[in-house]
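Quick notes on the structure that follows.
Proteins get letters first, then strands, A, B, ... in listed order; numbering begins at 1 in each.
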There are 2 protein chains.
Amino acid sequence: MGQLKIRNMEEFAAVSGISRPTVSKYFNDPESVRASTRKKIESALEKHDYHPNVFAMNQNRRKTKNIGVVVPNLADPFFSEIGRRVELACIEAGYSPILLSSHGSPTMERDNLNSLRSLKPAGVLLAPFGRMSDKDAVQAFGADFPLVLFDANMSDTGQAFVGTNNAQSVDLMVEYLCRSGEPPCFFEMKSPSNPNANKRRQAYLESMERHKQTPNIFQADGEGWNFEEIGSVEGGRLLLEKAFSTNTVLCSNDRLAIGMLSAAYGLDLRVGHGADCHLRIAGHDDHPFSRFTCPPLTTIAQDYNAIANRAVSTLFGLLETEERPSDREETLFEGRLIMRDSA
Amino acid sequence: MGQLKIRNMEEFAAVSGISRPTVSKYFNDPESVRASTRKKIESALEKHDYHPNVFAMNQNRRKTKNIGVVVPNLADPFFSEIGRRVELACIEAGYSPILLSSHGSPTMERDNLNSLRSLKPAGVLLAPFGRMSDKDAVQAFGADFPLVLFDANMSDTGQAFVGTNNAQSVDLMVEYLCRSGEPPCFFEMKSPSNPNANKRRQAYLESMERHKQTPNIFQADGEGWNFEEIGSVEGGRLLLEKAFSTNTVLCSNDRLAIGMLSAAYGLDLRVGHGADCHLRIAGHDDHPFSRFTCPPLTTIAQDYNAIANRAVSTLFGLLETEERPSDREETLFEGRLIMRDSA
DNA sequence: ATTAAAAATTAACGCGCGTAAAAATAAGAT
DNA sequence: ATCTTATTTTTACGCGCGTTAATTTTTAAT
């Protein structure tokens, strides 16, 4: 390390033998300076450990290297997992991700977007609540900053959307369940905030019709994010009442299914596709714990990696072109059937 | 809203009828100005929606309102939950939490601390890896910024530590298990990075001795954060080999227990304290999913709220006093026995 | 009304860096 | 060697706000 402490870019420019404006240019984009000067700067960088003051940098720069990442709830493993991958992809590309959780509150989602405004983000990746989101706020934000939605779509909001093709994924599951046993009933929340839930219900109805089966939808009361609890209490009640018209239940998501599995266990109902089983339960999302439920949960795997990477690369595409594309791009990845023991 | 857009503090000071230095003082601490002027500023604030430029603010302020929060792995529900509470407590107090996950990599923990340096945080809350952490880096950081450790302790590092009293909590569980059935074996990872694991093993040994029982420790091979997987594979192998010397297994944490429960289910071993059960399994941490395992997991609840709040309030205490206290404060909260069906 | 203390105003500087314009230099091509 | 073009240097200003010192005003106490 160097002997004297470098206090600012001026001093660093001095010791590296390059003028300050050029050094400034380097820190904005190392490729923008001649290879020989880049080398000088970088060797000085090794000797002196200088970091430009981020606050002074961002104050004057037109666009920062900040990328906002907003998810509805980090406590949900689905979002912590996809948030993780998005974060890493941003770092990989030399950006600074700022991960914000809305902690289950649409109000905080709006607050988070407002906080981000003052950070002048280069762009933002948002997994919105959906119908509970403050649509005006999100749209306004999308008008002011490059905005890519993921997981949950909102019409005419942001410049692009990346998610899973629920129609395809649910059909895949329904097809499998119909082929391998009794046709599935559908279990979901009564008033889901996430638009995927509605897409999945719709997909279930259409798929059942295509298979010439009678659809049967059961909706659980309950608000909030305690999906396992709701799945356990309401699902357990339905099981106890023998409400389900077939021995197969497709849950709108894994967390409901996990709750329902728990209830079934409590009621001594053996879940699975074996001869001695009373009931089949399937989920959707391939929640990290679904491999370890009892029995392991048959589900649909969303392509976390593809969604995260595409969301990030789509945003970077937006950053490069500068001008807003008139067409809103929607990318849907296919779900993959994960056959385990529960169905 | 106001007619003309306010561009900076100068203009805002003008419309509010207060001089800029006083306005600046207000934004630094609203209580520091006379009530009458505060009122003027705040009513102007309502009319004009002006936000001081955070970058310009932080550039010159001695200390920012940023609080760094670093956890080893947000994908672990324990950390996402405690991170959540810490975040909210910071916001509550008017600070800006910056949540960083090290994604299971001690290298990234060091990188995260370095990134935080450039954000001039008022203070930092760190749940370190423990023995895998770059101890020098963490200590150096603690010398430069107010630093409170939580969850995992590191000797002589940071100004305070807040966590759970593993000796007490494990003893509570051992006591319960011995009283209600066969004494527990102990199941853990062979080379745990988290120092709590070592504390728990030690506590198990001491508690067993106190109960005049022979301790039996089983250590699973395996690295990384796939605790459920390790618990399932290694735990399953031990079950199959009938390696455990009693019918009761205390797992070092819930995630291992969840994996083991899954393995037991696969082997058709009935888990629980009922007459028809083969095996008792207990955990530690009261993982959010432990209520929904099959059977629901008997475990120790760490006091998330108390830990989060105390960590935050301890840090704020440090911020106020300014000077570093010579004595490093360690606060341990007691665990609570959560009796469910698995043991 | 007088006075001491508290708070606000005025004026001015600095923080660390982005950026623009003009001049100087270096690199590559002829 | 000459010219063109791409880079760098020099010089200088500005961003938005923190902060200080000297001065004026306000407040509260006598």
(message) What I want to check is whether an N or O donor and acceptor connect the side chain of B:Asn60 with the base of D:dC17 at under 3.5 Å.
(response) yes
(message) Near DNA chain D, counting only heavy atoms under 4.0 Å, which residues of residues 26-42 of chain A show up?
(response) A:Val33, A:Arg34, A:Thr37
(message) Once side-chain hydrogen bond (donor to acceptor under 3.5 Å, both in side chains) is applied, what residue pairs with a partner in residues 121-138 of chain B remain, sequence neighbours excluded?
(response) B:Glu109-B:Ser133, B:Lys135-B:Ser155
(request) Remember a base hit wins even if backbone is also touched, and classify A:Phe12 as base, sugar-phosphate or nothing at under 4.0 Å, heavy atoms. (result) nothing
(message) If you compare every side-chain N and O of A:Ser19 against the phosphate oxygens of D:dT8 (OP1, OP2), does one of them come in below 4.0 Å?
(response) no
(request) Evaluate the ring planes of A:Phe12 and A:Tyr50, with Trp represented by its six-membered ring, and classify them as parallel (under 30°), tilted (30 to 60°) or perpendicular (over 60°). (result) parallel
(message) Without decimals, in angstroms, what is the distance between B:Asn8 CG and D:dG14 P?
(response) 14 Å
(message) Which is more 5' along DNA chain C, the nucleotide nearest B:Thr22 or the one nearest B:Gln59? Just name the residue.
(response) B:Thr22
(message) Within the structure provided, determine whether A:Phe161 and A:Met154 are in side-chain contact (heavy-atom separation under 4.5 Å).
(response) no
(message) Distance under 4.0 Å to a non-hydrogen atom of chain B counts as contact; along DNA chain C, which nucleotides mark the start and end?
(response) C:dA7 to C:dG16
(message) Whether the side chain of B:Arg20 engages the backbone of B:Glu10 through a donor-acceptor N/O pair (distance < 3.5 Å, no angle test) should be reported.
(response) no
(message) Within the 4.5 Å heavy-atom criterion, are B:Val312 and B:Ile67 side-chain neighbours or not?
(response) no
(request) Report yes if some heavy atom in the side chain of B:Leu100 is under 4.5 Å from a heavy atom in the side chain of B:Leu116; otherwise report no. (result) yes
(request) Write down the distance between CG (A:Asn58) and P (D:dG14), rounded to a whole number of angstrom. (result) 22 Å
(request) Taking only Lys NZ, Arg NE, NH1 and NH2, and the carboxylate oxygens of Asp or Glu, determine whether A:Arg84 and A:Glu81 approach each other closer than 4.0 Å. (result) yes
(request) Using a heavy-atom cut-off of under 4.0 Å over every strand shown, decide if A:Pro21 touches base, sugar-phosphate, or nothing. (result) base
(message) Within the supplied structure, the quantity of interest is the number of heavy atoms (other residues, nucleotides, ligands) at a distance under 6.0 Å from B:Lys120 NZ; does it exceed 12?
(response) yes
